[in-house]
Amino acid sequence: MRAEPILLASPHLSRKGWERFHIKEALDKNWIAPVGENIDRFEAELCAQIGSPNGVAVSSGTAAIHLGLKALGVGAGDKVICSTFTFAASCNPICYENAEPIFVDSERDTWNMDPKALEEALSKNPRVKAVILVHLYGIPAKIVEIKEICQRYQVPLLEDAAESLGSTYHNQMTGTFGQIGIYSFNGNKIITTSGGGMLVTNNHDYAKKAKFWATQSREQELHYEHKELGYNYRMSNISAGIGRGQLRILQDRVEKKRYIHQKYQELLSDIPEIGWLTEPKGTYSNYWLTCGIFDGIDQQLVIQSLAEHQIESRPLWKPMHLQPFFKKYGYHGEHVSDGLFATGMCFPSDTKMGDKDLDRVTDVIRRKVRQLRK
Ligand SMILES: Cc1ncc(COP(=O)(O)O)c(C=O)c1O
(Lines give C-alpha, C1' and ligand atoms only; values in the text may rest on other atoms or scores of the structure.)
Protein backbone atom coordinates (compact mmCIF):
# COMPACT_ATOMS: atom_id res chain seq x y z
CA MET A 1 0.00 0.00 0.00
CA ARG A 2 1.33 3.45 -0.94
CA ALA A 3 1.85 5.81 1.98
CA GLU A 4 -0.26 8.99 2.12
CA PRO A 5 1.58 11.87 0.47
CA ILE A 6 3.05 14.58 2.71
CA LEU A 7 3.02 18.01 1.10
CA LEU A 8 5.27 21.04 1.41
CA ALA A 9 2.43 23.47 2.26
CA SER A 10 -1.18 23.12 1.17
CA PRO A 11 -4.49 24.89 1.85
CA HIS A 12 -5.83 24.12 5.32
CA LEU A 13 -9.38 25.18 6.07
CA SER A 14 -10.54 25.99 9.60
CA ARG A 15 -12.00 23.13 11.65
CA LYS A 16 -15.04 25.23 12.51
CA GLY A 17 -15.91 25.94 8.87
CA TRP A 18 -15.56 29.75 9.02
CA GLU A 19 -14.75 29.93 5.32
CA ARG A 20 -17.97 28.07 4.45
CA PHE A 21 -19.92 30.43 6.72
CA HIS A 22 -18.68 33.58 4.94
CA ILE A 23 -19.11 32.07 1.47
CA LYS A 24 -22.61 30.90 2.29
CA GLU A 25 -23.47 34.39 3.48
CA ALA A 26 -22.29 35.79 0.14
CA LEU A 27 -24.28 33.18 -1.79
CA ASP A 28 -27.41 33.70 0.31
CA LYS A 29 -27.25 37.44 -0.22
CA ASN A 30 -26.39 37.06 -3.91
CA TRP A 31 -23.04 38.82 -3.42
CA ILE A 32 -21.06 36.59 -5.72
CA ALA A 33 -20.27 39.27 -8.27
CA PRO A 34 -16.82 40.77 -7.84
CA VAL A 35 -17.66 43.45 -5.30
CA GLY A 36 -19.36 42.83 -1.99
CA GLU A 37 -19.21 43.08 1.75
CA ASN A 38 -16.69 40.26 2.26
CA ILE A 39 -14.07 42.31 0.40
CA ASP A 40 -14.51 45.41 2.55
CA ARG A 41 -14.61 43.30 5.72
CA PHE A 42 -11.57 41.22 4.73
CA GLU A 43 -9.59 44.40 4.12
CA ALA A 44 -10.69 45.91 7.42
CA GLU A 45 -10.12 42.70 9.42
CA LEU A 46 -6.65 42.10 8.00
CA CYS A 47 -5.71 45.75 8.55
CA ALA A 48 -6.88 45.52 12.17
CA GLN A 49 -4.76 42.41 12.75
CA ILE A 50 -1.57 43.82 11.27
CA GLY A 51 -2.02 47.46 12.31
CA SER A 52 -2.34 49.25 8.98
CA PRO A 53 -4.92 51.91 8.09
CA ASN A 54 -5.46 50.90 4.44
CA GLY A 55 -5.74 47.57 2.62
CA VAL A 56 -6.66 46.76 -0.98
CA ALA A 57 -7.64 43.14 -1.67
CA VAL A 58 -6.54 41.96 -5.11
CA SER A 59 -6.38 38.82 -7.23
CA SER A 60 -2.77 37.91 -6.32
CA GLY A 61 0.31 39.01 -4.44
CA THR A 62 1.92 39.70 -7.82
CA ALA A 63 -0.90 42.11 -8.71
CA ALA A 64 -0.38 43.84 -5.34
CA ILE A 65 3.34 44.33 -6.12
CA HIS A 66 2.48 45.65 -9.57
CA LEU A 67 0.01 48.19 -8.18
CA GLY A 68 2.44 49.08 -5.39
CA LEU A 69 5.19 49.89 -7.89
CA LYS A 70 2.77 52.01 -9.92
CA ALA A 71 1.71 53.88 -6.78
CA LEU A 72 5.38 54.63 -6.09
CA GLY A 73 5.63 56.11 -9.57
CA VAL A 74 7.75 53.36 -11.17
CA GLY A 75 7.64 53.60 -14.95
CA ALA A 76 9.60 52.87 -18.11
CA GLY A 77 13.37 53.12 -17.71
CA ASP A 78 13.30 53.43 -13.89
CA LYS A 79 15.60 51.32 -11.75
CA VAL A 80 14.13 49.20 -8.96
CA ILE A 81 16.26 47.30 -6.44
CA CYS A 82 14.97 43.87 -5.40
CA SER A 83 16.17 40.98 -3.22
CA THR A 84 17.75 38.42 -5.54
CA PHE A 85 16.90 35.49 -3.28
CA THR A 86 13.17 35.23 -3.89
CA PHE A 87 10.43 33.89 -6.14
CA ALA A 88 10.17 35.54 -9.58
CA ALA A 89 6.83 37.14 -8.62
CA SER A 90 8.75 39.70 -6.53
CA CYS A 91 10.49 41.19 -9.57
CA ASN A 92 8.30 40.30 -12.58
CA PRO A 93 6.12 43.40 -12.03
CA ILE A 94 9.22 45.62 -12.39
CA CYS A 95 9.44 44.38 -15.97
CA TYR A 96 5.67 44.76 -16.52
CA GLU A 97 6.33 48.50 -16.19
CA ASN A 98 9.40 48.33 -18.46
CA ALA A 99 11.55 49.34 -15.53
CA GLU A 100 14.92 47.71 -14.79
CA PRO A 101 15.54 45.40 -11.82
CA ILE A 102 18.81 45.54 -9.90
CA PHE A 103 19.36 42.53 -7.65
CA VAL A 104 20.84 42.61 -4.17
CA ASP A 105 22.30 39.55 -2.46
CA SER A 106 21.43 37.88 0.86
CA GLU A 107 23.15 38.09 4.20
CA ARG A 108 24.16 34.85 5.91
CA ASP A 109 22.03 35.03 9.06
CA THR A 110 18.52 35.87 7.77
CA TRP A 111 19.11 34.93 4.09
CA ASN A 112 17.30 38.22 3.33
CA MET A 113 18.64 41.37 1.66
CA ASP A 114 22.11 42.29 2.93
CA PRO A 115 22.00 45.93 4.13
CA LYS A 116 25.66 46.45 3.10
CA ALA A 117 25.01 45.21 -0.43
CA LEU A 118 21.89 47.42 -0.59
CA GLU A 119 23.94 50.45 0.39
CA GLU A 120 26.49 49.60 -2.31
CA ALA A 121 23.71 49.23 -4.91
CA LEU A 122 22.16 52.57 -3.94
CA SER A 123 25.49 54.40 -3.94
CA LYS A 124 26.38 53.06 -7.41
CA ASN A 125 22.96 53.57 -9.01
CA PRO A 126 21.61 57.09 -8.84
CA ARG A 127 17.90 57.60 -9.36
CA VAL A 128 16.66 54.27 -8.02
CA LYS A 129 12.88 54.62 -7.86
CA ALA A 130 12.03 51.93 -5.26
CA VAL A 131 13.40 49.05 -3.21
CA ILE A 132 11.53 45.73 -2.96
CA LEU A 133 12.51 43.89 0.21
CA VAL A 134 11.39 40.29 0.66
CA HIS A 135 10.91 38.60 4.06
CA LEU A 136 11.72 35.14 2.77
CA TYR A 137 10.24 31.95 4.21
CA GLY A 138 8.65 34.06 6.97
CA ILE A 139 11.94 35.28 8.48
CA PRO A 140 11.90 39.07 9.02
CA ALA A 141 14.65 40.94 7.17
CA LYS A 142 16.79 43.61 8.93
CA ILE A 143 13.96 45.99 8.26
CA VAL A 144 14.92 48.89 10.53
CA GLU A 145 18.46 49.02 9.14
CA ILE A 146 17.18 48.75 5.57
CA LYS A 147 14.52 51.40 6.13
CA GLU A 148 17.15 53.77 7.50
CA ILE A 149 19.32 53.25 4.39
CA CYS A 150 16.32 53.82 2.09
CA GLN A 151 15.43 57.01 3.97
CA ARG A 152 19.01 58.27 3.66
CA TYR A 153 18.87 57.75 -0.12
CA GLN A 154 15.25 58.98 -0.24
CA VAL A 155 14.03 55.84 -1.94
CA PRO A 156 10.63 54.35 -0.99
CA LEU A 157 10.44 50.81 0.33
CA LEU A 158 7.97 48.13 -0.78
CA GLU A 159 7.91 45.11 1.53
CA ASP A 160 7.13 41.82 -0.12
CA ALA A 161 5.63 40.04 2.88
CA ALA A 162 3.94 37.40 0.68
CA GLU A 163 5.49 34.64 2.80
CA SER A 164 5.62 36.41 6.18
CA LEU A 165 2.06 37.26 7.24
CA GLY A 166 2.07 36.99 11.04
CA SER A 167 5.84 37.50 11.44
CA THR A 168 7.00 40.46 13.50
CA TYR A 169 10.11 42.57 13.97
CA HIS A 170 10.24 44.10 17.47
CA ASN A 171 6.52 43.30 17.77
CA GLN A 172 5.55 45.14 14.58
CA MET A 173 4.11 43.11 11.71
CA THR A 174 6.25 42.63 8.62
CA GLY A 175 4.60 44.43 5.72
CA THR A 176 3.85 47.56 7.76
CA PHE A 177 7.29 49.20 7.82
CA GLY A 178 7.63 50.37 4.22
CA GLN A 179 5.58 52.89 2.25
CA ILE A 180 3.76 49.83 0.87
CA GLY A 181 3.51 46.19 1.96
CA ILE A 182 2.01 43.21 0.18
CA TYR A 183 0.75 39.76 1.21
CA SER A 184 -0.12 36.69 -0.84
CA PHE A 185 -3.01 34.29 -0.20
CA ASN A 186 -1.90 31.78 -2.81
CA GLY A 187 -2.80 28.15 -1.97
CA ASN A 188 0.58 27.36 -0.43
CA LYS A 189 0.71 30.43 1.87
CA ILE A 190 0.07 30.52 5.62
CA ILE A 191 -3.55 31.46 4.92
CA THR A 192 -5.22 31.29 1.54
CA THR A 193 -8.16 32.73 -0.37
CA SER A 194 -7.56 30.03 -3.04
CA GLY A 195 -5.60 32.78 -4.81
CA GLY A 196 -5.29 36.44 -3.90
CA GLY A 197 -3.25 39.21 -2.37
CA MET A 198 -3.44 42.43 -0.39
CA LEU A 199 -1.67 45.75 -0.64
CA VAL A 200 -1.36 47.66 2.64
CA THR A 201 -0.14 51.20 3.18
CA ASN A 202 -0.22 54.15 5.56
CA ASN A 203 -0.79 56.37 2.55
CA HIS A 204 -4.48 56.81 1.82
CA ASP A 205 -3.81 58.17 -1.70
CA TYR A 206 -1.75 55.11 -2.66
CA ALA A 207 -4.59 52.83 -1.51
CA LYS A 208 -7.20 54.84 -3.38
CA LYS A 209 -5.13 54.81 -6.56
CA ALA A 210 -4.40 51.06 -6.28
CA LYS A 211 -8.13 50.31 -5.93
CA PHE A 212 -8.87 52.51 -8.94
CA TRP A 213 -6.28 50.81 -11.18
CA ALA A 214 -7.42 47.37 -9.94
CA THR A 215 -10.96 48.08 -11.18
CA GLN A 216 -10.04 49.00 -14.78
CA SER A 217 -9.38 52.66 -13.86
CA ARG A 218 -13.06 53.32 -14.18
CA GLU A 219 -13.94 56.95 -13.49
CA GLN A 220 -16.94 57.80 -11.31
CA GLU A 221 -19.37 58.39 -14.14
CA LEU A 222 -22.61 56.68 -15.03
CA HIS A 223 -21.13 55.63 -18.37
CA TYR A 224 -17.77 53.88 -18.69
CA GLU A 225 -15.10 56.56 -18.72
CA HIS A 226 -11.37 55.75 -18.70
CA LYS A 227 -8.59 58.33 -18.53
CA GLU A 228 -5.88 55.83 -17.52
CA LEU A 229 -4.83 52.28 -18.29
CA GLY A 230 -6.57 49.87 -15.91
CA TYR A 231 -6.36 46.28 -14.69
CA ASN A 232 -8.83 43.62 -13.63
CA TYR A 233 -7.04 42.91 -10.35
CA ARG A 234 -9.78 43.12 -7.70
CA MET A 235 -10.39 40.13 -5.40
CA SER A 236 -13.78 38.42 -5.72
CA ASN A 237 -16.28 38.49 -2.89
CA ILE A 238 -16.17 34.68 -2.67
CA SER A 239 -12.38 34.61 -2.30
CA ALA A 240 -12.58 37.35 0.33
CA GLY A 241 -15.08 35.17 2.24
CA ILE A 242 -12.51 32.37 2.36
CA GLY A 243 -9.93 34.95 3.48
CA ARG A 244 -12.13 36.16 6.34
CA GLY A 245 -12.52 32.59 7.57
CA GLN A 246 -8.79 31.92 7.27
CA LEU A 247 -7.89 35.13 9.08
CA ARG A 248 -9.64 33.80 12.18
CA ILE A 249 -7.19 30.91 12.41
CA LEU A 250 -4.03 32.73 11.28
CA GLN A 251 -2.45 32.62 14.74
CA ASP A 252 -3.21 28.86 15.06
CA ARG A 253 -1.44 28.29 11.76
CA VAL A 254 1.57 30.36 12.86
CA GLU A 255 1.79 28.34 16.07
CA LYS A 256 1.63 25.07 14.16
CA LYS A 257 4.36 26.21 11.74
CA ARG A 258 6.52 27.17 14.71
CA TYR A 259 5.87 23.77 16.29
CA ILE A 260 6.88 22.01 13.05
CA HIS A 261 10.11 24.03 12.93
CA GLN A 262 10.95 23.22 16.54
CA LYS A 263 10.19 19.50 16.05
CA TYR A 264 12.52 19.29 13.04
CA GLN A 265 15.32 20.78 15.08
CA GLU A 266 14.68 18.34 17.92
CA LEU A 267 14.18 15.23 15.81
CA LEU A 268 17.21 15.93 13.60
CA SER A 269 19.50 17.15 16.37
CA ASP A 270 21.73 14.10 15.67
CA ILE A 271 22.38 15.35 12.10
CA PRO A 272 24.96 18.13 12.51
CA GLU A 273 25.21 18.54 8.72
CA ILE A 274 21.97 20.58 8.75
CA GLY A 275 22.20 24.32 9.45
CA TRP A 276 18.72 25.67 10.19
CA LEU A 277 17.32 29.05 9.14
CA THR A 278 16.09 30.46 12.46
CA GLU A 279 14.51 33.72 13.58
CA PRO A 280 17.01 36.35 14.77
CA LYS A 281 16.66 37.86 18.26
CA GLY A 282 13.89 40.44 18.52
CA THR A 283 11.91 38.87 15.69
CA TYR A 284 9.07 36.35 15.58
CA SER A 285 8.75 34.20 12.48
CA ASN A 286 5.66 32.52 11.08
CA TYR A 287 8.10 29.81 9.85
CA TRP A 288 6.07 29.50 6.68
CA LEU A 289 8.57 26.91 5.48
CA THR A 290 11.22 25.31 7.65
CA CYS A 291 14.48 25.57 5.73
CA GLY A 292 18.05 24.41 6.18
CA ILE A 293 21.34 24.04 4.36
CA PHE A 294 23.32 20.79 4.19
CA ASP A 295 27.04 20.71 4.81
CA GLY A 296 28.83 18.07 2.74
CA ILE A 297 25.63 16.24 1.77
CA ASP A 298 24.00 16.61 -1.66
CA GLN A 299 20.56 17.90 -0.69
CA GLN A 300 19.15 16.96 -4.10
CA LEU A 301 19.61 13.31 -3.18
CA VAL A 302 17.75 13.92 0.07
CA ILE A 303 14.90 15.59 -1.88
CA GLN A 304 14.86 12.63 -4.28
CA SER A 305 14.75 10.13 -1.45
CA LEU A 306 11.83 11.99 0.19
CA ALA A 307 9.98 12.01 -3.16
CA GLU A 308 10.42 8.23 -3.40
CA HIS A 309 8.52 8.07 -0.09
CA GLN A 310 5.69 10.35 -1.32
CA ILE A 311 7.07 13.30 0.64
CA GLU A 312 7.31 16.70 -1.05
CA SER A 313 10.32 18.92 -0.36
CA ARG A 314 12.01 21.52 -2.54
CA PRO A 315 15.33 23.22 -3.20
CA LEU A 316 15.50 26.84 -2.00
CA TRP A 317 14.53 29.59 -4.47
CA LYS A 318 17.02 29.95 -7.31
CA PRO A 319 18.30 33.55 -7.05
CA MET A 320 17.04 35.95 -9.69
CA HIS A 321 20.53 36.98 -10.85
CA LEU A 322 21.09 33.33 -11.88
CA GLN A 323 17.83 33.07 -13.83
CA PRO A 324 18.21 33.07 -17.63
CA PHE A 325 15.59 35.81 -17.99
CA PHE A 326 17.03 38.13 -15.34
CA LYS A 327 20.79 37.59 -15.56
CA LYS A 328 21.28 40.53 -17.93
CA TYR A 329 20.36 42.92 -15.10
CA GLY A 330 22.58 44.43 -12.40
CA TYR A 331 23.62 42.54 -9.26
CA HIS A 332 25.35 43.59 -6.02
CA GLY A 333 26.68 41.16 -3.45
CA GLU A 334 29.05 38.35 -2.69
CA HIS A 335 27.09 35.39 -4.03
CA VAL A 336 25.81 34.26 -0.64
CA SER A 337 22.45 33.31 -2.19
CA ASP A 338 24.22 31.19 -4.85
CA GLY A 339 25.60 29.06 -2.00
CA LEU A 340 22.22 28.85 -0.27
CA PHE A 341 20.59 27.66 -3.47
CA ALA A 342 23.33 25.06 -4.02
CA THR A 343 23.02 23.52 -0.56
CA GLY A 344 19.56 24.32 0.84
CA MET A 345 16.20 22.66 1.11
CA CYS A 346 12.64 23.52 2.13
CA PHE A 347 11.33 20.85 4.49
CA PRO A 348 7.69 19.74 4.32
CA SER A 349 5.87 22.31 6.47
CA ASP A 350 2.23 21.49 5.90
CA THR A 351 0.12 22.50 8.91
CA LYS A 352 -1.95 19.32 8.49
CA MET A 353 1.10 17.21 9.43
CA GLY A 354 0.99 15.33 12.73
CA ASP A 355 3.82 13.99 14.89
CA LYS A 356 3.76 10.66 13.03
CA ASP A 357 4.28 12.50 9.72
CA LEU A 358 7.21 14.41 11.19
CA ASP A 359 8.71 11.11 12.36
CA ARG A 360 8.23 9.68 8.87
CA VAL A 361 9.93 12.66 7.19
CA THR A 362 12.84 12.81 9.61
CA ASP A 363 13.43 9.03 9.45
CA VAL A 364 13.84 9.23 5.67
CA ILE A 365 16.20 12.21 5.98
CA ARG A 366 18.27 10.54 8.70
CA ARG A 367 18.64 7.30 6.74
CA LYS A 368 19.65 9.14 3.58
CA VAL A 369 22.16 11.41 5.30
CA ARG A 370 23.78 8.44 7.06
CA GLN A 371 24.04 6.62 3.74
CA LEU A 372 25.58 9.66 2.04
CA ARG A 373 28.18 10.35 4.76
CA LYS A 374 31.62 9.56 3.46
C1 LIG B 1 8.15 36.07 -2.12
C2 LIG B 1 6.90 36.05 -2.94
N3 LIG B 1 6.52 37.19 -3.54
C4 LIG B 1 5.40 37.24 -4.27
C5 LIG B 1 4.59 36.14 -4.43
C6 LIG B 1 3.41 36.27 -5.32
O7 LIG B 1 2.21 35.95 -4.77
P8 LIG B 1 1.00 35.39 -5.69
O9 LIG B 1 1.32 33.95 -5.99
O10 LIG B 1 -0.18 35.55 -4.81
O11 LIG B 1 0.94 36.22 -6.91
C12 LIG B 1 4.95 34.93 -3.81
C13 LIG B 1 4.17 33.69 -3.87
O14 LIG B 1 3.57 33.16 -4.67
C15 LIG B 1 6.15 34.88 -3.06
O16 LIG B 1 6.55 33.74 -2.48
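Sequential numbering from 1 along the given sequence is applied to the chain's residues. Start at 1 and go down the list; that is how both ligands and their atoms are numbered.
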Exercise for the section: Say whether, by atom type as modelled, one donor and one acceptor occur between the side chain of Ser349 and the main chain of Ala9 under 3.5 angstrom. Expected result: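 Here the side-chain-to-backbone pair does not exist.
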Exercise for the section: Describe, in one word, how the ring planes of His226 and Tyr224 are oriented to each other, choosing from parallel (under 30°), tilted (30 to 60°) and perpendicular (over 60°). Expected result: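 Taking Tyr224 first and then His226, their aromatic rings lie parallel (interplane angle under 30°).
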Problem - Qualifying residue, where the test is side-chain contact (heavy atoms from CB on, under 4.5 Å) with His332 and the options are Asp114, Leu118, Asn125 - result: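 Among the candidates, only Asn125 passes.
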Practice task
Identify the residue among Leu133, Thr283, Asn112, Thr174 that makes a side-chain contact (heavy atoms from CB on, under 4.5 Å) with Ile143.
Solution key: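 Looking at Leu133, Thr283, Asn112, Thr174, the match for Ile143 under the side-chain contact (heavy atoms from CB on, under 4.5 Å) is Leu133.
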Interfacing atoms of ligand 1 (cut-off 4.0 Å, heavy-atom, [X]):
| X | value |
| --- | --- |
| Gly196 | 10 (O) |
| Thr86 | 1 (C) |
| Val134 | 1 (C) |
| Ser184 | 7 (O), 8 (P), 9 (O), 10 (O) |
| Ala89 | 4 (C), 5 (C), 6 (C) |
| Ala162 | 2 (C), 3 (N), 4 (C), 5 (C), 12 (C), 15 (C) |

Problem - atom 11 (O) of ligand 1 [closest protein heavy-atom partner, distance rounded to 0.1 Å] - result: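 Residue, atom and distance for the closest contact: Thr62 OG1, 2.5 Å.
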Problem - Nearest neighbour in protein (non-hydrogen) for atom 3 (N) of ligand 1 - result: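 Ranking protein heavy atoms by distance from atom 3 (N) of ligand 1, first comes Asp160 OD2, 2.7 Å.
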Exercise for the section: Compute the shortest N/O to N/O distance between Trp288 and ligand 1 and return yes if it is under 3.5 Å, no if not. Expected result: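 Such a contact does not occur with ligand 1.
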Do [X] and [Y] have their ring centres less than 6.0 Å from each other?
| X | Y | result |
| --- | --- | --- |
| Phe103 | His321 | no |
| Tyr287 | Trp276 | no |
| His66 | Tyr233 | yes |

Problem - Sub-4.0 Å heavy-atom approach of Ala63 to ligand 1 - result: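 Heavy atoms of Ala63 never come under 4.0 Å of ligand 1.
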Practice task
Compute the minimum heavy-atom distance from Gly197 to ligand 1 and say whether it is under 4.0 Å.
Solution key: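 No, Gly197 has no heavy atom closer than 4.0 Å to ligand 1.
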Handout entry: Ring-face cation of Arg258 near Tyr284 (centre distance under 6.0 Å, axis angle within 45°)
Key =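 Flagged: Arg258 positioned over aromatic ring of Tyr284.
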Practice task
Just go through His135, Lys189, Glu163, His66 and tell me whose heavy atom is the nearest to atom 13 (C) of ligand 1.
Solution key: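 Of the listed residues, Lys189 has the closest heavy atom.
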